[in-house]
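Below is one structure, written out as structure tokens; comments come after it.
This one's a predicted model, so the numbers in the text were calculated from it and none came from an experiment. Order of listing sets the numbers, starting from 1, for every ligand and every atom in it.
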Amino acid sequence: MIELADAFPQPGHNHARCVSHALDRARAVFETKGLRLMELRRQVLEEIAGSHHSIGAYDVLEKLAAKGTRLAPISVYRAIDALIEAGVVHRLESRNAYFACHGTHGDGGTGAHHLVLVCERCATVAEIEHGEVMSALDAAARGAGFEPRVRVVEVAGLCAHCRASGARP
Ligand SMILES: [Zn+2]
Ligand SMILES: [Zn+2]
Ligand SMILES: [Zn+2]
């Protein structure tokens, strides 16, 4: 799991390493499931992992088109679904967009539980683990007679790097 302190990437870090790590991990997850990280899925993941920001499906489509790969929207959505199922891409509900998982948890499809922090200034997305928050959520849900399965909490605000640079929300 990602430690709290380095949940957000350092500005100017070697992002090529993040991308290759995301691709390696995707390859491994698909292999474990007896599937292959097909070329289309690889390309889509490369675009989504291209930054630590969230990206919409149509932006992925446009970026691929700009590189000469013209796809039908349904193909992109299917590739994204497969990547989400593999746990290497997550959906950012509040923005109807997607972001690459740079953590080590592989279970994105079922039983997912994570806290997603979204910086309103630089648009960076980071995931953190917080067991107590999740237990409190579970307790609240069960108190309402509800059996929680997927727990994703999105929090919007200002990341440490933007705060350090004097930004105000
Ligand atoms: Zn990076
Ligand atoms: Zn993740
Ligand atoms: Zn920020």
Side-chain angles (χ1 to χ4, degrees), residues 1-33 35 37 41-57 59-60 63-64 67 76-77 79-135 137-138 148-169:
M1 284 307 154
I2 303 174
E3 292 299 320
L4 273 180
D6 45 46
F8 275 85
Q10 290 295 326
H13 71 286
N14 180 0
H15 187 64
R17 279 182 56 196
C18 304
V19 176
S20 71
H21 178 254
L23 289 170
D24 286 348
R25 206 183 124 214
R27 232 171 259 124
V29 173
F30 278 100
E31 250 169 46
T32 313
K33 296 186 174 194
L35 300 166
L37 180 64
R41 291 173 182 169
R42 192 194 61 74
Q43 283 180 310
V44 169
L45 177 59
E46 209 170 3
E47 293 306 329
I48 297 175
S51 80
H52 288 276
H53 301 172
S54 62
I55 181 171
D59 291 326
V60 172
K63 279 175 180 278
L64 288 174
K67 291 179 182 172
V76 171
Y77 279 114
I80 291 173
D81 282 346
L83 293 166
I84 289 175
E85 191 60 35
V88 293
V89 162
H90 302 309
R91 190 179 147 81
L92 191 64
E93 300 290 344
S94 58
R95 307 228 169 155
N96 190 22
Y98 308 90
F99 62 98
C101 177
H102 295 284
T104 48
H105 63 104
D107 191 353
T110 52
H113 55 94
H114 46 171
L115 266 175
V116 183
L117 306 179
V118 189
C119 181
E120 292 175 304
R121 184 166 180 264
C122 69
T124 300
V125 177
E127 293 174 68
I128 57 170
E129 271 297 302
H130 203 302
E132 283 171 35
V133 171
M134 294 304 159
S135 327
L137 269 181
D138 281 5
R149 185 178 62 84
V150 181
R151 312 147 183 93
V152 179
V153 180
E154 296 178 8
V155 183
L158 208 52
C159 79
H161 307 299
C162 288
R163 287 177 58 213
S165 68
R168 292 273 171 272

In this structure, which one of L45, D81, V44, I55 forms a side-chain contact (heavy atoms from CB on, under 4.5 Å) with V89?
L45
Those residues that, when tested against Y98, pass ring pair (Phe, Tyr, Trp, His ring centres under 6.0 Å) (two or more places apart)
none
Could you grab the angle centred on the Zn ion (ligand 2), going from OE2 in E127 to NE2 in H90, to 10°?
100°
Look at E31 together with R27 and state whether they make a salt bridge at an N to O cut-off of under 4.0 Å.
no
Sequence-distant partners of E93, salt bridge (charged side-chain N to carboxylate O under 4.0 Å, His left out), two or more places apart
R91
Measuring only between side-chain heavy atoms, which start at C-beta, is C101 closer than 4.5 Å to E127?
yes
Here the vertex angle at the Zn ion (ligand 1) for SG of C18 and ND1 of H15, given to 10°, is 110°
Step by step, work out the ring-ring contact (aromatic ring centres under 6.0 Å, His included) result for H102 and H21.
CA-CA 8 Å; H102 295 284; H21 178 254; 7.6 Å; no
Within less than 2.8 Å of the Zn ion (ligand 3), the count of protein N, O or S atoms comes to 4
Would you please name every residue forming a side-chain hydrogen bond (donor to acceptor under 3.5 Å, both in side chains) with R95, sequence neighbours left out?
none
If you stand at the Zn ion (ligand 1) and look out to NE2 of H52 and NE2 of H13, what angle do those two lines make, to 10°?
110°
